[in-house]
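One structure below.
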Amino acid sequence: MTSTNRKVRTRFAPSPTGGLHLGGVRTVLFNYLFTRQHNGQFILRIEDTDRTRFVEGAEAYIYETLAWCGLNPDESPAIGGPFGPYRQSERKAIYGRYAEQLIRDGYAYYAFDTPEELEAMRTQYKTAENPSPRYDSTLRGKMHNSLTLSSEETKKLLDAGTAYVIRLKVPENETLRFTDMIRGEVVFNSSETDDKVLLKADGMPTYHLAVVVDDHLMEITHSFRGEEWLPSAPVHILLWKYLFGLENMVTWAHLPLILKPDGNGKLSKRDGDRLGFPVFAMNWTDPRTGDFTKGYRELGFLPEAFVNMLAVLGWNDGTEQELFSMEELLQKFSVEKIHKKGAKFNYEKALWFNKEWIKKLSADQLKPQVIYWLKNAGIDISGKEDQLPGIIEQVKDRCTLLSDFVEQTSFFFQAPEKLDLDAVLKKWNDQKNSFFIELIRGYELATDFTPENLEHSFKELAAASQLKPGELMLPLRIMLVGGKFGPHVFDIAAAIGAKATISRIKYALSLLENHSKDA
RNA sequence: GGAGCGUUGGUCAAGGGGUUAAGACACCUCCCUUUCACGGAGGAAUCACGGGUUCGAUUCCCGUACGCUCUACCA
């Protein structure tokens, strides 16, 4: 009946008020997957009708986030399209016309109540049973509007330039229903919704008017939005009915919320700050306050992992599979399998996804990212680029975040800055010291510096010195790597070469000697 | 207060009238590993509660409880 024969068109309609929240990106993802599966078009529309909340740079941030995630729109303010403009602030006149039309048709009215009057109404009618009185059919007769005023009075006020809003005249006791793609049929009674403001005093529309008008004008067929919008669906249903016909209404899908890990409730940026994980996709600095908020990208997440993690937060294909590439998501995603229940966000699991994706990607695929992180950390890899894929291959199973590549690979390029001497000091003695002096001699003479040869001569010397190799390997590791981590120690020695190996051993020996003296 | 939505292990979840109720994260034990990881083996749930329907309900229906969202000239 509705849009089955129309070309699928969806939209993501964020407000440019700050960084993009996890939930926002997931909404984009589901939009995108659904749209691509139906060979439709995905539109980015900027809902900047609230001038007071507009934040410079937020729109650019949105483009960058979508690009990073590989979720680019087909139409947007930046790239244009046949249904522009795509910024609601630039469509102001359009909404005004529809609001006036609603008034002419008797579905809306002018309201002149000042904020103070509204406040007075709320306190006056507030009772224990009704803590938040609404501007609705029961009360509008008592307020200052074109329904209670004579048409002459109304005209006079309008002509005098009196500030006004246009409110929807919500009918009494009307059953309003629609079929949600995720929840099935949802029913409301119109008496439960108030006379929502459609057009604000500054002439800008509220979300309710703008979303319906634009969805119609932009020929949107399916609308994915967060569950927090469900209670305002009756307003939108009414608007569709009065303006464009219920038969043309978009098909809605109200997505479950992403909840905070502890306790309950919507996940907010503050929860991330409090619990120590990002909620925004990328770093964000509020230009007004200077407040800085960390993002997933800069923390060292791969976009593949970020998208994957979001996809399975509230969706699952019914199998055991958890790791999905974008191609697989495009193939397997289905709205029917989106959950109804909100999911508590689990950062540990998000890290796990990143770790899995680092393991999953090849060294070549990881290489540009690793180079970026190493350069950022001031590590000079010049002359060793060719070795990088091999090095990445050796350490990638040990990395959870891309940033971990710095610690896990830096010792291949430069001597460790700090040595975990405590790890060796406890069991250090002259015998071991002599062993390493001998080892240096041996390695200086070594012609074939392969891991196998190095290990072989190391063990031979250990046996000759009557020492257990196990007690010597950790010291060697500390000397070369700086700490108790990393790939096999002889692989590292071979990779950095004889010269570096020997100088690092010598340097460590000198430190150990000083410590022994001190003690 | 009201309305709407929801309720399978600590978390994410599969499943769905008859099952030993999958799997993953985290946690614990062990194996592998002369580091750290990877990997491997194992450990824990009568599916919120109460009624129905049924030969049989975690699965269907109705209540209850609990939770969430909304209740702005914000989206």
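By convention in this document, chain letters (A, B, ...) are assigned in the order of the sequence lines, proteins followed by strands, and residues within each chain are numbered from 1.
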Exercise for the section: For this output row, return yes or no: ring centroids of A:F306 and A:F301 closer than 6.0 angstrom. Expected result: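 No: the rings miss the under 6.0 Å criterion.
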Handout entry: Near-ring test A:F280/A:Y296, centroid separation under 6.0 angstrom
Key = no
Practice task
Describe the nucleic acid contact of A:K337 in one word from base, sugar-phosphate, nothing, applying a heavy-atom distance below 4.0 Å.
Solution key: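 Sugar-phosphate contact only - A:K337 comes under 4.0 Å of backbone atoms but never of a base.
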Practice task
For residues 399-408 of chain A, pull every pair meeting side-chain hydrogen bond (donor to acceptor under 3.5 Å, both in side chains), keeping only residues two or more places apart or in separate chains.
Solution key: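 Not a single pair qualifies under side-chain hydrogen bond (donor to acceptor under 3.5 Å, both in side chains).
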Exercise for the section: Name all residues meeting the side-chain contact (heavy atoms from CB on, under 4.5 Å) criterion together with A:D420; count only those two or more places apart in sequence or in a different chain, and write none if there are none. Expected result: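 With neighbours one apart ignored, the set is A:D422, A:A423, A:I478, A:K484.
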Completion exercise
side-chain contact (heavy atoms from CB on, under 4.5 Å) filter on A:E116, not counting sequence neighbours, yields A:T114
Side chains of residues 201-214 of chain A: which donor-acceptor pairs under 3.5 Å do they make with residues two or more places apart or in other chains?
from   : atom 1 : to     : atom 2 : distance (Å)
A:D202 : OD1    : A:M204 : N      : 2.9
A:D202 : OD2    : A:R51  : NH1    : 2.5
A:T206 : OG1    : A:V197 : O      : 2.7
A:T206 : OG1    : A:L198 : O      : 3.4
A:Y207 : OH     : A:R225 : NH2    : 3.2
A:D214 : OD1    : A:R91  : NE     : 2.8
A:D214 : OD1    : A:R91  : NH2    : 3.0
A:D214 : OD1    : A:Y95  : OH     : 3.1
A:D214 : OD2    : A:Q88  : NE2    : 2.8
A:D214 : OD2    : A:Y95  : OH     : 2.5

Completion exercise
Of A:E320 and A:L259, the one whose nearest nucleotide on RNA chain B sits closer to the 5' end is A:E320
Output one line per pair: protein atom, nucleotide atom from nucleotides 72-75 of chain B, and distance, for all N/O pairs under 3.5 Å.
from   : atom 1 : to     : atom 2 : distance (Å)
B:rC73 : OP2    : A:R167 : NH2    : 3.3
B:rC73 : O2     : A:A201 : N      : 2.7
B:rC73 : N4     : A:D113 : O      : 3.1
B:rC74 : OP2    : A:K200 : NZ     : 3.2
B:rC74 : O2'    : A:D50  : OD2    : 3.4
B:rC74 : O2'    : A:R53  : NE     : 3.4
B:rC74 : O2'    : A:R53  : NH2    : 3.3
B:rA75 : OP1    : A:T49  : OG1    : 2.9
B:rA75 : OP1    : A:K200 : NZ     : 2.7
B:rA75 : OP2    : A:Y207 : N      : 3.3
B:rA75 : O3'    : A:S15  : OG     : 3.2
B:rA75 : O3'    : A:E47  : OE1    : 3.1
B:rA75 : O2'    : A:S15  : OG     : 3.0

Exercise for the section: Tell me yes or no: between the side chains of A:N145 and A:Y135, is some donor less than 3.5 Å from an acceptor? Expected result: yes
Problem - Cation over ring face, A:K432 and A:W428, 6.0 Å, 45° - result: no
Problem - Interatomic distance, A:D262 CG vs B:rG67 C1' [rounded to whole Å] - result: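 Going from A:D262 (CG) to B:rG67 (C1'), I get 15 Å.
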Atom pairs under 3.5 Å, N or O on each side, protein against nucleotides 5-11 of chain B: can you list them with distances?
from  : atom 1 : to     : atom 2 : distance (Å)
B:rC5 : O2'    : A:R183 : NH1    : 2.7
B:rC5 : O2'    : A:E227 : OE2    : 3.1
B:rU8 : OP1    : A:K341 : NZ     : 3.3
B:rU8 : OP2    : A:K341 : NZ     : 2.7

Completion exercise
The nucleotide from B:rC25, B:rC68, B:rG1 with an atom nearest the side chain of A:K349 is B:rC25
Problem - Selected nucleotide, minimal atom distance to A:W352 side chain, candidates B:rC68, B:rA14, B:rA24 - result: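 Nearest to the side chain of A:W352 among the choices is B:rA24.
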Which atom pairs, one a donor and one an acceptor, fall under 3.5 Å between side chains of residues 168-177 of chain A and the rest of the protein, sequence neighbours left out?
from   : atom 1 : to     : atom 2 : distance (Å)
A:E174 : OE2    : A:K241 : NZ     : 2.7
A:R177 : NH1    : A:E185 : OE1    : 3.4
A:R177 : NH1    : A:E185 : OE2    : 3.4

Practice task
Not counting sequence neighbours, which residues clear ring-ring contact (aromatic ring centres under 6.0 Å, His included) with A:F333? List them please.
Solution key: A:F30, A:W315
Practice task
Stems involving RNA chain B: give each as a range paired with a range, ordered by first number, where a stem means at least three consecutive Watson-Crick or G-U wobble pairs under 3.5 Å.
Solution key: B:1-7 with B:65-71, B:10-12 with B:23-25, B:27-31 with B:39-43, B:48-52 with B:60-64
Validation: residues 14-28 of chain A side-chain donor-acceptor distances under 3.5 Å, sequence neighbours left out:
from  : atom 1 : to     : atom 2 : distance (Å)
A:S15 : OG     : A:E47  : O      : 3.1
A:H21 : ND1    : A:G23  : N      : 2.8
A:H21 : NE2    : A:L267 : O      : 2.8
A:R26 : NH1    : A:L313 : O      : 2.7
A:R26 : NH2    : A:P256 : O      : 2.3
A:T27 : OG1    : A:G23  : O      : 2.9

Exercise for the section: Could you pull out all residues at least two apart from A:S191 that satisfy side chain to side chain donor-acceptor pair (under 3.5 Å)? Expected result: A:N189
Handout entry: Nucleotide-resolved protein contact map, nucleotides 32-44 of chain B, B/S/- at heavy-atom distance under 4.0 Å
Key = --BBBBSS-----
Handout entry: Conformer about C1'-N of B:rC60 - syn within 90° of 0, anti elsewhere
Key =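 Anti.
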Practice task
Specify whether A:W229 and A:H236 have parallel, tilted or perpendicular ring planes, treating 30° as the upper limit for parallel and 60° as the lower limit for perpendicular.
Solution key: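 Geometry flag for A:H236 against A:W229: tilted rings.
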Problem - Same-atom distance (C1') from B:rA57 to B:rA21, integer angstrom - result: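 To the nearest whole Å, 13 Å.
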